Amino acid sequence: MIIVTTENIAHHQITEVIGPVFGLTVRARGIGKDIVASLKGLVGGEISQYTEMLEDARKQAMDRMVQNATAMGANAIIMMRFDSGEIGQNMSEIVAYGTAVIVEKR
Amino acid sequence: MGWIVGFYGIQLLILIILIIGSWFFWDRRFKTKHGKHVPKGFERTNEISIDPSTNKRLIVYFHPETGERFYKEENNN
């Protein structure tokens, strides 16, 4: 599966556009790490607990998008993007999306 | 007096159990323990992600039939 953020893929030709594909997740930190993160927020610096949460959310969103694209019969995703939002105080939503296509090597 | 201490004591105990439970059991990282053995059918991609907190280098493998992704842990050197 080729995943690019551009409209075209170098040395490949798009033979079929299948359609938009998405991968969505909402993740939260547990209460233990949430308490530590809020204490760290008082003193400043990187809140590694939330960095971990967003990294995991990114991976999961990406995994789901790729799985959906495979189910649609695509072999590539073009114009891939991430979008994020917040649900509640300690939950993060990340959506990965793009256009599922079939490409052939030129 | 005793029941007041007991009431708050139980609440405190539940909170402590929740904190410990969430730290060690529920709040697990996503696909960080895939290990170094890649299952059959997975193909290597060019995607590499370095975990921001553990600094582990993860090489992404992809299964073309199922669409699953596998994160193989590699040495940083």
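To find a chain, count down the sequence lines: A is the first, B the second, and so on, and within it residues start at 1. Here the structure is a predicted model, which is why all the values come from computation and not from measurement.
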Side-chain contact, heavy-atom cut-off 4.5 Å: A:Gln60 with A:Arg27?
yes
What side chain to side chain donor-acceptor pair (under 3.5 Å) pairs are there with at least one residue in residues 93-106 of chain A, not counting sequence neighbours?
none
Heavy-atom distance under 4.5 Å to chain A: side chain of B:Glu43, backbone, both or neither?
neither
If the condition is salt bridge (Lys or Arg N to Asp or Glu O under 4.0 Å), which residues does A:Asp63 pass it with, not counting sequence neighbours?
B:Lys31, B:Arg69
Heavy-atom contact with chain A under 4.5 Å, split by part of B:Ser49
side chain
Taking atom types as modelled, is there a side-chain donor on A:Arg29 or A:Ser92 under 3.5 Å from an acceptor on the other?
no
Hey, is B:Asp51 close enough to B:Arg29 for a salt bridge, meaning N to O under 4.0 Å?
yes
Determine the option with the most heavy-atom pairs under 4.5 angstrom with chain B, choosing from A:Lys59, A:Glu55, A:Arg58.
A:Lys59
Residue set satisfying side-chain hydrogen bond (donor to acceptor under 3.5 Å, both in side chains) with B:Gln11, at least two apart, ordered chain then number -> none
Parallel under 30°, tilted from 30 to 60°, perpendicular over 60°: which one fits the rings of B:His34 and B:Phe70?
parallel
Proximal component of B:Leu58, with respect to chain A [non-hydrogen, under 4.5 Å]
side chain
Are the side chain of A:Asp56 and the backbone of B:Phe30 linked by a donor-acceptor contact shorter than 3.5 Å?
yes
Sorted by number, residues from residues 2-19 of chain A in contact with chain B (heavy atoms, under 4.5 Å):
A:Ile3
